[in-house]
Amino acid sequence: MALKTEHMVLNMGPQHPSTHGVLRLELEIEGELVNKVTPHLGYLHRCFEKHAEAMQYNQVVPYTDRLDYLASIGNNFGYALAVEKLMGIQVPERVEYIRVIMAELQRIASHLVAIGSNGADIGALTPFLYLFRDREHILSIIEETCGARMLYNYIWIGGLSHDIHPDFVRKTKEFVNYFKPTIVELDNLLSFNKIFIERTANIGILPVDTAINFGASGPTLRGSGIKFDLRRDDPYSIYDRFDFEIPVGKGLMGTVGDCWDRYNVRIREMEQSLRIIEQAVDNIPEGDVQSAIPKRIKPPKGTVYKRVENPRGELGYFIISDGTVNPFRVKVRAPSFVNLEVLGELCKGNLVADIIAILGSIDIVLGEVDR
Amino acid sequence: MNQYFKNTWLGIYTVLVGMKITFKHLFTPAVTIQYPEVKLKLPERERNRLYVNMDDCIGCDQCSRACPVNCIEIETVKSITGEDLGTTSNGKKKALWVTKFNIDFAKCCYCQLCVFPCPTDCIYMTDVFEFSEYDRNNLVYKFATLTEEEASEKKLNFEKFTAEKEAQKAEAAAKQKDEQKPAS
Amino acid sequence: MYQYFYDLTGNTIIATLIVAVFPLVNVLLVALIGVYLERKVSAWIQDRIGPNRTGPLGLFQTVADFLKMLQKEDATSTEIDSKLYNIAPVLVFTGSFAAYAAIPFSSKLIGSEADVGIFYVLAISSLVVGGILMAGWASNNKYSMLGAMRSAAQIISYEIPTAIIVLSIVMFTGTLSLDKISDMQTASFWNWNIFGGAELGLTKFLMIPFMFIGFLIIFISTLAEVNRTPFDIPEAESELVAGYFTEYCGMKWAMFMLSEYGNMFAVSAIVSILFFGGYHSPIGYLGNSIGVEWLIPFEQAFWFLAKGWFFILVQMWLRWTLPRLRVDQLMSLCWKYLIPYAFVNLIIIGIISLL
Amino acid sequence: MKSAEEIFDILKKKFGDAVLSLDKDTPVEQIISIDPLKINLISKYLRENPELQFDSLMCLSGVDDANGIKVKDAEGNEIIEGGTLSVYYNLHSVSLKHKITLKVSTPRNDPQIESLEKIWKSANWHEREAFDLIGIKFLNHPDLRRILMPYDWDEFTEEISRHPLRKDYKNPEFYQGMKVPY
């Protein structure tokens with residue numbers, strides 16, 4: 001005879017230590033077993049899309065910073081590319097290089113938070129602080145160039161807000177050399193820790209076809225073992241010039257597509273980002289970074305959908321221009337928004353503690369989910 | 001069975017590896033600083049509180065229009081003939097009395113978009129970042145150098161001036177009419 | 001002990017007071033220093049500075065916290081079962097404090113020289129489970145409830161490996177009295193149980209690896225019994241907010257904290273008594289060499305506290321290194337790994353001690 | 001890899017009138033317009049046809065075209081009457097690496113579009129968002145609730161402030177007794 005237990009509805013969030021912001025999850029649980037997860041969004045809804053309609057094209061850039069606030073450069077990048085595509089602007093070589101280096105630095109910084117908070121959710125608070133220490137290095141490199149630590153407003157339509165700081169190249173190289181050993185330390189401290197593996201391997205398995213059907217992207221998709229990276233498959237900017245690999249989940253510790261794979265993909269991606277930075281940082285050509293910025297940003301009538309590989313996945317900007325100085329419609333295809341949808345599928349039949357691990361491995365940023 | 005012992009071994013071994021790493025860190029010096037006593041040197045491009053050098057401001061309103069959050073409020077009064085407002089440091093002649101130049105730092109998003117269009121480089125970001133207040137109204141910084149009386153005086157002057165001008169115009173127009181009338 | 005102080009002071013009331021107050025003072029001190037150390041150790045491990053505002057090096061941080069806690073409003077939900085809710089922290093504290101009665105701080109400083117000391121400690125510390133269950137149930141909060149259930153399952157399960165290892169030590173030493181177990185490991189660290197006891201011979205050397213395994217098992221399982229990371233799932237702050245004491249605040253919350261640190265010291269004390277010579281010095285006594293007899297109990301107390309604190313530091317070190325286990329893994333670690341190993345270890349130790 | 005023209009031809013051959021037109025005027029994207037009530041059939045075909053294999057829906061954006069007539073209602077608010085609401089679908093094939101943009105337009109006063117939730121799961125939340133912010137009803141959607149706005153937004157606000165991304169949206173004065181424009 002099966003033991004009948006009463007269902008309990010557990011309300012996790014919006015104020016909860018590990019929902020990564022103000023996400024509210026309604027868990028239907030049976031003992032500790034979760035039957036159903038219903039995410040409720042909108043607690044951080046700041047009307048980005050409505051705001052953008054009232055702004056001029058260049059004024060939207062600071063708003064894009066606030067989408068995925070852990071990877072603001074990527075957001076600027078995507079938006080700038082979309083409008084540039086709409087207007088047919090060719091940006092100078094120097095700008096392209098600086099953009100790529102910045103975006104990759106930002107990717108590392110963002111992954112550091114993702115990995116750290118995934119570990120912290122599972123209980124390892126120390127790696128979290130180590131990773132934040134490393135993130136500080138990146139933030140201060142970027143701060144020196146553009147003056148802000150989080151919300152940069154750095155990549156403008158057609159150019160950059162500032163040229164790089166004279167120390168930038170030296171400090172970036174220093175960081176690359178500093179950071180390589182710390183990845184090894186992180187691996188020893190957390191990735192290959194037996195308890196961490198137990199908590200993440202074979203948990204929240206996401207098969208490839210489900211992942212694609214749900215539109216998952218970024219490390220969430222690559223963790224399922226498919227080599228799909230927009231930097232290689234739909235190259236934008238100058239990513240096709242660099243030699244880098246696309247790490248995918250291989251099921252090293254359990255099944256392909258489990259939490260550990262998604263976690264590991266992020267670490268390996270940081271190594272690849274370092275490779276890109278190393279290749280790019282020596283070859284920055286000379287030039288003026290603001291020469292291609294149009295005096296008056298007034299794109300022709302048209303529609304554009306431009307996507308970039310943000311740390312969390314495919315960030316797409318769908319912009320309709322009606323030929324005025326204000327965009328007619330800006331829709332953001334936020335990677336976290338789409339990835340979060342998978343949560344309901346992954347969490348069925350897991351324990352409450354696994355929900356945390358799965359949510360951490362999907363790595364959402366609520367600023368982006370709710371926009 | 002093999003897996004069983006392997007698990008046991010891995011469990012103990014990886015824990016010891018982790019402990020070794022944290023033990024090493026026990027003796028590394030702290031990377032944090034004691035904030036109010038020790039402060040980091042901020043880079044020169046630091047984007048924090050805005051400052052407006054009113055001596056140079058020509059009241060062109062470009063910063064206000066560039067602001068995505070509308071936190072800059074500028075009100076200007078045209079100068080009347082005979083008033084000398086001086087020139088800015090890069091040689092531009094001022095033509096407007098800036099009677100109001102308020103920046104609401106509660107709204108400011110520190111995007112620096114207002115700094116670039118300024119023709120005289122009079123608005124810029126400083127490295128002052130500690131300016132918290134208990135009252136939100138205190139975050140509205142008033143940069144205009146004119147006192148209220150002066151401002152109202154200027155306004156009055158301008159109104160008088162325009163009124164005079166208008167009157168003159170009206171007179172001239174009337175004269176013209178008068179002149180034109182007989183012709184037609 | 002009572003007799004000792006009665007002889008010393010000649011007054012029944014003072015003697016009783018000293019006997020009663022000493023463990024309490026110890027628990028308070030452990031909590032006071034423990035919380036401070038926990039913060040400092042975590043800060044050092046994480047390359048931070050840690051508390052440094054209140055007093056030199058932040059030494060009075062916990063005192064300040066304690067004063068704050070005392071002044072706090074006792075905010076409670078209206079939906080609680082107030083009787084159970086109020087008793088629970090007291091019960092939890094009683095459970096952890098009562099264990100101190102049988103712990104020998106030195107040869108002259110034992111609350112009760114009970115012949116079944118270790119048995120008493122094992123039994124009385126189970127009282128904590130009742131308190132935690134009460135707290136979880138009475139809070140009328142789902143997180144508290146889950147935490148309490150986890151805690152109960154955890155503490156009850158982990159008593160088994162603890163008891164088996166204790167049994168093997170009891171089998172080896174032939175006594176249940178904590179005082180006698182300590183006393184058998186006198187003179188040198190070479191005589192500690194972890195090094196095979198005081199008796200020389202082949203059995204001693206055969207014993208060492210198994211004693212070491214026994215120590216590991218009892219250390220892990222006592223860690224779980226006091227809900228420390230990696231076994232802090234009852235209060236797992238990233239899952240259950242704060243587990244069974246989510247709804248508590250102010251002094252009642254402080255009672256839980258107090259009992260947690262009290263428990264930490266208690267289990268460290270038990271481990272050091274069973275395996276590391278209890279209150280005995282590893283290198284001999286100063287009092288013996290200079291011929292001052294009365295110094296010895298104090299030296300013993302020093303060594304005992306030092307050993308206890310050492311294990312507390314190890315617990316903290318572990319806490320800031322490891323992630324947390326999941327509730328079912330916690331159970332499988334206990335039932336599938338620790339208990340079989342403990343049983344095999346028990347049998348082997350039994351055979352060796354028969355040799 | 002197939003270009004938009006080729007895909008349009010394939011679809012036109014298969015579905016005839018349901019595929020309306022191919023918009024080549026826009027400088028960067030080529031958009032195929034589709035009948036809103038046939039979109040589910042066409043999408044299913046797009047996904048399952050081995051030549052096309054559009055296995056992922058990248059983005060789904062609801063748009064208020066604001067192409068109706070602006071009139072004043074009884075309270076003096078400017079509202080738009082007539083015209084259309086549109087939804088743009090950006091499809092992508094992970095295996096074949098080609099992209100296409102579909103567009104459906106539906107009348108503003110009764111916006112109804114077939115849901116694609118059965119075909120691409122990622123459509124679920126995107127459609128909820130379009131329903132929430134634009135007010136397009138997706139037929140056969142399993143769980144058409146608001147997603148970003150509060151669930152009870154309808155109860156406390158007037159008709160004109162139901163769907164924020166419509167061009168004639170007006171901020172409500174109060175929501176649940178809270179002043180909305182701060």
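Naming: A, B, ... by sequence-line order, numbering from 1 per chain.
Atom OH of Y341(C) sits in a crowded spot, with more than 12 heavy atoms from other residues, nucleotides or ligands closer than 6.0 Å. The environment of Y43(A) atom OH is dense: over 12 non-hydrogen atoms of other residues, nucleotides or ligands sit within 6.0 angstrom. Shown here is W317(C), whose CH2 atom has more than 12 heavy atoms of other residues, nucleotides or ligands within 6.0 Å. Heavy-atom neighbours of F310(C) CZ from other residues, nucleotides or ligands within 6.0 Å: at or below the threshold of 12. Within 6.0 Å of the CZ atom in F215(C), the count of heavy atoms belonging to other residues, nucleotides or ligands exceeds 12. The number of heavy-atom neighbours closer than 6.0 Å to CE of M149(C), taken from other residues, nucleotides and ligands shown, is 12 or below.
The closest side-chain heavy-atom distance from K142(C) to I29(A) is not below 4.5 Å. Two residues are said to be in side-chain contact when any heavy atoms from C-beta on lie closer than 4.5 Å; Y130(A) and I45(C) meet this criterion.
Both the backbone and the side chain of Q46(C) come within contact range of chain A, each with at least one heavy atom under 4.5 Å from a heavy atom of that chain. Of the two parts of R199(A), the backbone and the side chain both hold a non-hydrogen atom closer than 4.5 Å to a non-hydrogen atom of chain C. Using a 4.5 Å cut-off between heavy atoms, L359(A) does not touch chain C at all. If you measure heavy-atom distances from A120(A) to chain C, the contacts under 4.5 Å come from the backbone alone.
Atom-to-atom distance recorded for T126(A):OG1 and D47(C):CG is 9.5 Å, nearest 0.5 angstrom. The distance from atom OG1 of T321(C) to atom CG of L189(A), rounded to the nearest 0.5 Å, is 7.0 Å. Summarising the geometry, atom CG belonging to L125(A) is positioned 12.5 Å from atom CG belonging to L322(C); distances are rounded to the nearest 0.5 Å.
Y143(C) approaches H16(A) most closely through the heavy-atom pair OH-CD2, 3.4 Å.
Checked against P230(C) for a side chain to side chain contact (heavy atoms under 4.5 Å, CB included), the options I195(A), I122(A), N193(A) give a single hit: I195(A).
Side-chain atoms of E198(A) do not come within 3.5 Å of backbone N or O of Q329(C) as any donor-acceptor pair.
Between chain C and the options N11(A), L190(A), V352(A), D354(A), the largest number of non-hydrogen pairs under 4.5 Å is found for D354(A).
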